[in-house]
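Quick note on labels: first sequence line is chain A, next is B, and so on, each numbered from 1.
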Amino acid sequence: MALSTQPYKGARDFYPPDKRFQKFMFSVMRKTAERYGYEEYDAPILEPLEIYTAKTGDEIVNDQTYTFEDRGGRKVTIRPEMTPTVSRMVAGKRQELAYPLRWYSIPNLWRYERPQAGRLREHWQLNVDIFGIEELDAELEVIQISHEILKNLGATDETFNIRLNTRKLTNYVLADHLGLDDATTHSASKLMDRMHKMERSEFVKLLKEVMPPGKADELVKLLSVKELSELPDSIKSQEPAKRLSALLDLLKKSGITNASYDPTLIRGFDYYTDIVFEVFDNHPDNNRSMFGGGRYDGLVGMFGVEPVPTVGFGMGDVTLQKFIELHDLMPPIGTETDLYVVLIDEVSDHARKVIADFRQMGINVAVDWESQKADKAIKSAVKKQIPFCLFIGAREIQDEQYTLKDLATTKEEHGSVEYLSKVIKAKKAGSRYLHITG
RNA sequence: GCGGACGUAGCUCAGUUGGUAGAGCGUCGGGUUGUGGUCCCGAAUGUCGUGGGUUCAAUCCCCAUCGUUCGCCCCA
């Protein structure tokens, strides 16, 4: 019985071209985060189950995560998200860290679920968090970073939009303004989160099943506003509304033209305490939320230390890749190998020395040790997308002038190792694919 | 966890109202033994996802199972 060559359900193999693309995405993420002074951290992929159950307080965690018992009888979970982990790390050094902390990471995360479009069991997610700032500057900075990553990937403001809301305002509207009890507030907010996914009449019908019809009608009216200013005075005069309004203003002043208020925005996690945001793809074939984040001031405090105000977001690679493909932002990404050496006659000490010299010059060299025929070696190099071929045969060895072939232009030139290295480097520098410099 | 669709060559797929299969692309070889992408010629490759059932006979029908995929629940 032959073994299957397929990767595990819901997980992916990254063949070199896939990995190249991933490295490209990650490098844009890293460079953008670092431009804002964020530092990279990492942590174990395994965590004690409790850091997830304590937060959500539910057994759902058991059903939707990879959890097992280790040989010491400990319940262990493969991390499904990074936020509890980073909160744990901050809490662990609560007193000695220099605030504000600006941290980022690109962890591999796992959840036990049925795979579907844009959602696998395994994915990578950029996590950007700022700890220790209560003011809106934290929200502004984090949203700027997420906006700028998309821009640095080549996206324009027209291709996506940023929606904002605040948990506090939603709670005020449901609990205080409409006077709903806790259970009704909860079920109403779950419905609100799905409002855009259904017909309006369907939404109203479902809403009326959980609350008095009059209140449902009023809620629908409040959820239909496009701007904070359209809300009744009694609501928009509340602190959370003013705060959100100020943030929207700051975003506009920062040149972000695609951010707006969305009263239906909730986000699934319970740990958000105030402002939340989500980034939506504007492409008709992918009209969905790509990623988001918000303020969660209470999570660090769960570890028994003084709480730390925190704002962060998570950006997954699967949805981001879909965005890049749909908007045709995929850059040509070649191999890291610069040069494919073809030994025409035989492997000589001279040829070995030449190969070593190229490497010494900083050129990434692969050698075609076996193929005697030049045409096969060239085909192989083309297939590997290596930009240059170098021929070393009797002629070259004799006059120490080697033959370099540019596989894209088919042009050849002869020269010393030093000269040809410069030619290769010049071409490499010209093919920079990042939209961000450095 | 629930429901739909699908599973035939490396890839994309055709096919058989039940008699053990085909195309295109790709791969490999040759034309062209120091030069690729074009062209021409030739070749290889399948337990028709897996297991069981019905049948003289199953890739086809039935059941189960695994996998892929889309959606629901849930929500990175």
Side-chain angles (χ1 to χ4, degrees), chain A residues 1-12 15 52 55-56 58-66 78-85 106-127 189-191 193-194 197-198 265-272 276 278-279 285 288-294 312-320 322 340-346 368 371-398 402-414:
Chain A
M1 177 79 182
L3 292 167
S4 169
T5 58
Q6 283 186 328
Y8 173 73
K9 187 184 181 75
R12 298 162 289 169
Y15 284 85
Y52 305 109
K55 182 196 62 182
T56 60
D58 241 323
E59 285 138 29
I60 314 166
V61 172
N62 263 315
D63 299 333
Q64 300 195 344
T65 61
Y66 284 87
I78 301 178
R79 61 188 178 198
E81 53 159 335
M82 200 59 167
T83 304
T85 298
I106 311 179
N108 191 210
L109 308 173
W110 291 76
R111 57 188 159 217
Y112 194 81
E113 280 187 311
R114 198 89 176 253
Q116 55 183 289
R119 270 178 90 189
L120 305 172
R121 287 183 164 185
E122 159 272 326
H123 73 145
W124 301 76
Q125 187 192 59
L126 169 69
N127 277 251
S189 63
K190 290 283 177 197
L191 278 174
D193 207 22
R194 289 164 54 207
K197 283 180 142 184
M198 57 181 103
L265 184 64
I266 302 290
R267 286 187 69 71
F269 282 132
D270 289 336
Y271 54 63
Y272 291 113
V276 289
E278 250 173 38
V279 177
D285 295 344
R288 56 179 287 171
S289 167
M290 292 197 290
F291 64 89
F313 73 90
M315 177 189 272
D317 68 329
V318 179
T319 41
L320 187 62
K322 176 120 188 191
Y340 199 66
V341 171
V342 184
L343 303 163
I344 298 299
D345 301 308
E346 61 186 28
D368 188 272
S371 184
Q372 288 106 1
K373 294 184 179 176
D375 63 337
K376 284 190 191 146
I378 288 171
K379 272 187 186 171
S380 186
V382 168
K383 194 164 181 180
K384 292 173 198 288
Q385 297 178 281
I386 298 171
F388 292 98
C389 251
L390 184 85
F391 300 97
I392 305 179
R395 296 206 292 268
E396 285 80 2
I397 286 174
Q398 183 155 23
Y402 310 98
T403 307
L404 182 75
K405 185 185 181 81
D406 183 325
L407 293 170
T409 64
T410 79
K411 290 207 174 105
E412 287 188 10
E413 51 187 316
H414 305 273

With rounding to whole Å, what would you report as the distance between [N] and [M] at their [atom1] atoms?
N	M	atom1	result
B/rC56	B/rU12	P	38 Å
B/rG49	B/rA14	P	14 Å
B/rU45	B/rG10	C1'	9 Å
B/rG46	B/rA21	C1'	9 Å
B/rA44	B/rG22	P	13 Å
B/rG34	B/rU20	C1'	49 Å
B/rC60	B/rC48	C1'	9 Å
B/rU54	B/rC62	P	16 Å

task = Kindly determine whether A/Val342 and A/Phe391 satisfy side-chain contact (heavy atoms from CB on, under 4.5 Å), including the steps that lead there.
result = CA-CA 5 Å; A/Val342 184; A/Phe391 300 97; 3.8 Å; yes

inquiry  = Any side-chain N or O of A/Lys376 below 4.0 angstrom from OP1/OP2 of B/rU33?
reply    = no

remark   = Assign each of A/His123 and A/Ala394 the nucleotide of RNA chain B bearing its closest heavy atom; nearer the 5' end lies the nucleotide of A/Ala394

ask   = In terms of the nearest nucleotide of RNA chain B, which residue is placed more toward the 5' end: A/Leu120 or A/Gln125?
value = A/Leu120

message = Once hydrogens and angles are ignored, does a donor-acceptor distance under 3.5 Å link the base of B/rU33 to the side chain of A/Lys373?
response = no

task = Please evaluate the base of B/rC74 for a donor-acceptor partner in the side chain of A/Arg119 within a cut-off of under 3.5 Å?
result = yes

message = Taking the basic N atoms (NZ, or NE/NH1/NH2) and the acidic carboxylate oxygens, is any pair closer than 4.0 Å for A/Arg12 and A/Asp317?
response = yes

request  = Look at A/Glu113 together with A/Arg121 and state whether they make a salt bridge at an N to O cut-off of under 4.0 Å.
outcome  = no

request  = Using the test side-chain hydrogen bond (donor to acceptor under 3.5 Å, both in side chains), find all partners of A/Thr403 that sit at least two apart in sequence or belong to another chain.
outcome  = A/Glu396, A/His414

ask   = What residues, two or more places apart in sequence or in another chain, satisfy side-chain hydrogen bond (donor to acceptor under 3.5 Å, both in side chains) together with A/Glu412?
value = none

Please tabulate the protein-to-nucleotide N/O contacts below 3.5 Å involving nucleotides 41-46 of chain B, giving atom names and distances.
none

Between [N] atom [atom2] and [X] atom [atom1], what is the distance in whole Å?
X	N	atom1	atom2	value
A/Lys411	B/rU35	NZ	C1'	16 Å
A/Phe269	B/rC74	CZ	C1'	11 Å
A/Leu407	B/rG34	CG	P	18 Å
A/Ile266	B/rC74	CD1	P	14 Å
A/Arg121	B/rC74	CZ	P	19 Å
A/Arg288	B/rG71	CZ	P	8 Å
A/Leu191	B/rC74	CG	P	10 Å
A/Lys405	B/rG34	NZ	C1'	11 Å

task = Could you go through the side-chain contact (heavy atoms from CB on, under 4.5 Å) check for A/His123 and A/Trp110 one step at a time?
result = CA-CA 7 Å; A/His123 73 145; A/Trp110 291 76; over 6 Å; no

Remember a base hit wins even if backbone is also touched, and classify [X] as base, sugar-phosphate or nothing at under 4.0 Å, heavy atoms.
X	result
A/Ala381	nothing
A/Glu412	base
A/Ser380	nothing
A/Arg194	sugar-phosphate
A/Lys379	sugar-phosphate
A/Met290	base
A/Glu396	base

Audit row: A/Ile378, A/Leu407, side-chain contact (heavy atoms from CB on, under 4.5 Å) steps and yes/no = CA-CA 8 Å; A/Ile378 288 171; A/Leu407 293 170; 3.9 Å; yes

task = May I ask you to decide if A/Gly294's main-chain N or O and A/Arg267's side chain share a donor-acceptor pair within less than 3.5 Å?
result = no

ask   = Okay, side chain of A/Asn127, backbone of A/Ile106: is any donor-acceptor separation there less than 3.5 Å?
value = no

Atom of [X], atom of [Y] and distance for their closest heavy-atom approach:
X	Y	result
A/Arg79	A/Pro107	NH2-CB, 3.4 Å
A/Pro80	A/Thr65	CG-CG2, 3.8 Å
A/Gly268	A/Lys190	O-NZ, 4.5 Å

Taking only N/O atoms, report every protein-nucleotides 1-4 of chain B pair under 3.5 Å with atom names and distance.
{"unit_1": "B/rC2", "atom_1": "N4", "unit_2": "A/Arg114", "atom_2": "NH1", "d": "2.7"}

ask   = What stem regions, each of at least 3 consecutive Watson-Crick or G-U pairs below 3.5 Å, can be found for RNA chain B?
value = B:1-7 with B:66-72, B:10-13 with B:22-25, B:27-31 with B:39-43, B:49-53 with B:61-65

message = Measuring only between side-chain heavy atoms, which start at C-beta, is A/Tyr340 closer than 4.5 Å to A/Ser380?
response = yes

query = Should A/Phe313 and A/Thr83 count as side-chain neighbours, where that means a heavy-atom distance under 4.5 Å?
reply = no

task = Could you check A/Leu404 against A/Asp406 for side-chain contact (heavy atoms from CB on, under 4.5 Å), going step by step and ending with a plain yes or no?
result = CA-CA 7 Å; A/Leu404 182 75; A/Asp406 183 325; over 6 Å; no

Pick out the pairs of N or O atoms, protein on one side and nucleotides 25-27 of chain B on the other, that lie under 3.5 Å.
none

query = Is the count of non-hydrogen atoms from other residues, nucleotides or ligands lying under 6.0 Å from A/Tyr15 atom OH greater than 12?
reply = no

query = Under 3.5 Å, is there a donor-acceptor pair linking the side chains of A/Tyr66 and A/Arg111?
reply = no

inquiry  = The side chain of A/Phe291 is closest to which nucleotide in this list: B/rU35, B/rC72, B/rA76?
reply    = B/rA76

